[in-house]
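A note on names: the letters A, B, ... follow the listed sequences, proteins ahead of strands, and every chain is numbered from 1.
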There are 2 protein chains.
Amino acid sequence: MAGHSHTHPDPGNDLDGRVEAVLDRLRADGGRVTSGRRAIVLSLLSARDHHVTADDLARAVQLDHPDLHLSTIYRTLEALEQLGVVTRADLGQGRAVYHPVERAHHHLVCEECGALTEVPEEVFAPLTDALRARYGFHASSHHIAVSGQCRDCASRA
Amino acid sequence: MAGHSHTHPDPGNDLDGRVEAVLDRLRADGGRVTSGRRAIVLSLLSARDHHVTADDLARAVQLDHPDLHLSTIYRTLEALEQLGVVTRADLGQGRAVYHPVERAHHHLVCEECGALTEVPEEVFAPLTDALRARYGFHASSHHIAVSGQCRDCASRA
DNA sequence: ATAATTGCAAAGTCTTTGCAGTTTG
DNA sequence: CAAACTGCAAAGACTTTGCAATTAT
């Protein structure tokens with residue numbers, strides 16, 4: 001993403017603006033905005049190419065807000081999820097990752113090395129279409145996790 | 001409930017024989033066969049159309065073996081999984097279901113009512129082929145859980 | 001005999017929840 | 001001010017593990 005070179009050294013696209021937009025949605029929903037929440041949203045949006053666990057987020061945010069408790073992270077993530085801002089994807093084993101709702105995608109989880117691969121939704125569309133047609137089942141847009149072996153682990157075997 | 005043979009070998013398929021076959025594999029692997037393990041295997045194979053959780057299995061087996069502990073179930077399931085006799089499928093939220101390795105299939109998990117739908121592997125084959133071709137990712141045969149809304153819950157919405 | 005299995009209790013993960021004190025709008 | 005958020009501690013669901021006692025082979 002080539003940056004606009006005028007006055008803002010903003011990475012990619014206007015991060016602060018997007019953060020504020022999310023916070024506004026929170027407010028519009030009757031929620032309050034605290035510095036903790038702002039930090040959480042910022043961290044979440046900054047890492048939009050990564051998937052973060054609640055714990056990842058806690059560690060990141062706690063650099064600046066040492067007292068921000070994990071339970072707050074969970075509660076904030078829950079609020080954001082309800083707003084449709086983030087998606088939670090269960091990877092199995094009780095772990096879940098969160099990420100901003102942008103590109104719809106699914107996940108490949110390597111059972112051996114744990115590697116996470118993102119796959120655009122389109123790849124899954126034929127499947128989800130078939131599930132709807134044949135089973136009446138409406139798959140969630142961001143919640144499919146496929147486990148197996150990643151390329152490296154498979155070739156090593 | 002048609003289990004009782006008069007004098008026939010079981011019409012559908014010989015359950016006892018299959019149980020013993022599994023137990024033999026256990027022995028062949030250096031394992032021991034206990035009455036608890038036999039009961040677990042029997043219960044597992046009897047319910048092959050159902051998916052059972054470790055807890056389901058415990059409740060079933062404990063009718064006859066009241067002292068059989070949940071940890072034993074888990075350990076036995078782990079052994080059976082290593083033998084390739086059962087598969088464990090993570091459904092998200094830390095829950096897992098086990099079932100004998102027979103028909104390869106995947107799962108649709110309704111986020112609202114929890115309903116579990118089995119889908120034969122063939123339906124997923126185009127997807128898993130694509131994942132292999134495009135990402136080098138080898139999906140496990142029995143481990144895909146798709147969450148979403150089942151037909152009933154979707155129509156109710 | 002001896003290595004595997006078992007029950008039990010305890011610990012481990014990840015997540016959720018009840019409360020009382022703080023803060024936001 | 002009232003409603004919403006927060007930290008804390010505790011609980012919850014599910015699974016794993018260390019041990020000494022038991023049991024299969």
Side-chain angles (χ1 to χ4, degrees), chain A residues 20 22-41 51-59 61-62 64-83 86-98 109 111 114 143 145, chain B residues 20 22-41 51-59 61-62 64-83 86-98 109 111 114 145 147:
Chain A
E20 291 307 321
V22 168
L23 297 178
D24 282 345
R25 293 190 59 179
L26 262 180
R27 269 186 280 251
D29 199 54
R32 274 89 197 262
V33 171
T34 63
S35 62
R37 287 188 159 191
R38 176 172 279 107
I40 291 172
V41 172
H51 306 74
V52 292
T53 62
D55 211 62
D56 292 337
L57 221 36
R59 277 197 298 275
V61 169
Q62 283 169 353
D64 278 315
H65 301 252
D67 288 342
L68 200 150
H69 201 275
L70 231 197
S71 62
T72 298
I73 305 269
Y74 278 111
R75 285 189 274 224
T76 299
L77 286 171
E78 188 188 16
L80 294 175
E81 196 186 2
Q82 289 206 335
L83 283 182
V86 305
T87 296
R88 161 200 186 136
D90 269 306
L91 301 187
Q93 309 272 43
R95 293 175 308 145
V97 292
Y98 299 81
V109 188
E111 289 164 336
H143 286 203
Chain B
E20 290 307 321
V22 168
L23 297 177
D24 282 345
R25 291 189 60 180
L26 220 30
R27 269 186 280 251
D29 199 53
R32 274 94 199 255
V33 171
T34 64
S35 61
R37 287 189 158 189
R38 175 172 280 109
I40 292 172
V41 171
H51 305 75
V52 291
T53 63
D55 211 63
D56 292 336
L57 222 35
R59 277 197 298 275
V61 169
Q62 283 169 353
D64 277 315
H65 301 253
D67 288 343
L68 199 150
H69 201 275
L70 231 197
S71 63
T72 299
I73 305 268
Y74 278 111
R75 286 190 274 225
T76 299
L77 285 171
E78 187 188 17
L80 293 175
E81 197 186 2
Q82 289 206 336
L83 283 182
V86 305
T87 295
R88 161 198 186 140
D90 270 304
L91 301 186
Q93 310 271 42
R95 294 175 307 144
V97 291
Y98 297 81
V109 188
E111 289 165 335
S147 53

Pull out every residue in residues 26-37 of chain A that has a heavy atom closer than 4.0 Å to any atom of DNA chain D, ordered by number, or say none.
A:G30, A:G31, A:R32, A:T34, A:R37
Tell me the interatomic distance from [X], atom [atom1], to [N], atom [atom2], rounded to whole angstroms.
X	N	atom1	atom2	result
A:R88	C:dT15	CZ	P	6 Å
B:Q62	C:dG7	CD	P	9 Å
A:L83	D:dA4	CG	P	14 Å
B:L91	D:dC14	CG	C1'	12 Å
B:R38	C:dT5	CZ	C1'	15 Å
B:Y74	C:dC8	OH	P	17 Å
A:H65	D:dC8	NE2	P	15 Å
A:I73	D:dC5	CD1	C1'	13 Å

Are [X] and [Y] close enough that some pair of their side-chain heavy atoms sits under 4.5 Å apart?
X	Y	answer
B:L26	B:D29	no
B:L57	B:T76	no
A:V41	A:V86	no
A:R25	A:V22	no
B:L68	B:I40	yes
B:V109	B:R95	yes

For the side chain of A:L68, counting heavy atoms from C-beta on, which of D:dT6, D:dG7, C:dT15 is nearest?
D:dG7
Please check: side-chain N/O of A:R37 versus main-chain N/O of A:R32, any donor-acceptor pairing under 3.5 Å?
yes
Sub-3.5 Å donor-acceptor pair from the side chain of B:R88 to the main-chain atoms of B:E81, do we have one?
no
For a quick test of reading the model, state the closest non-hydrogen atom pair linking A:I73 to A:A54 and the distance between them.
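The answer is CG2-O, 3.7 Å.
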Regarding B:D55, tell me which of base, sugar-phosphate or nothing describes its non-hydrogen contacts under 4.0 Å with the strands shown.
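Touches nothing.
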Under-3.5 Å N/O pairs linking protein and nucleotides 9-13 of chain D:
none

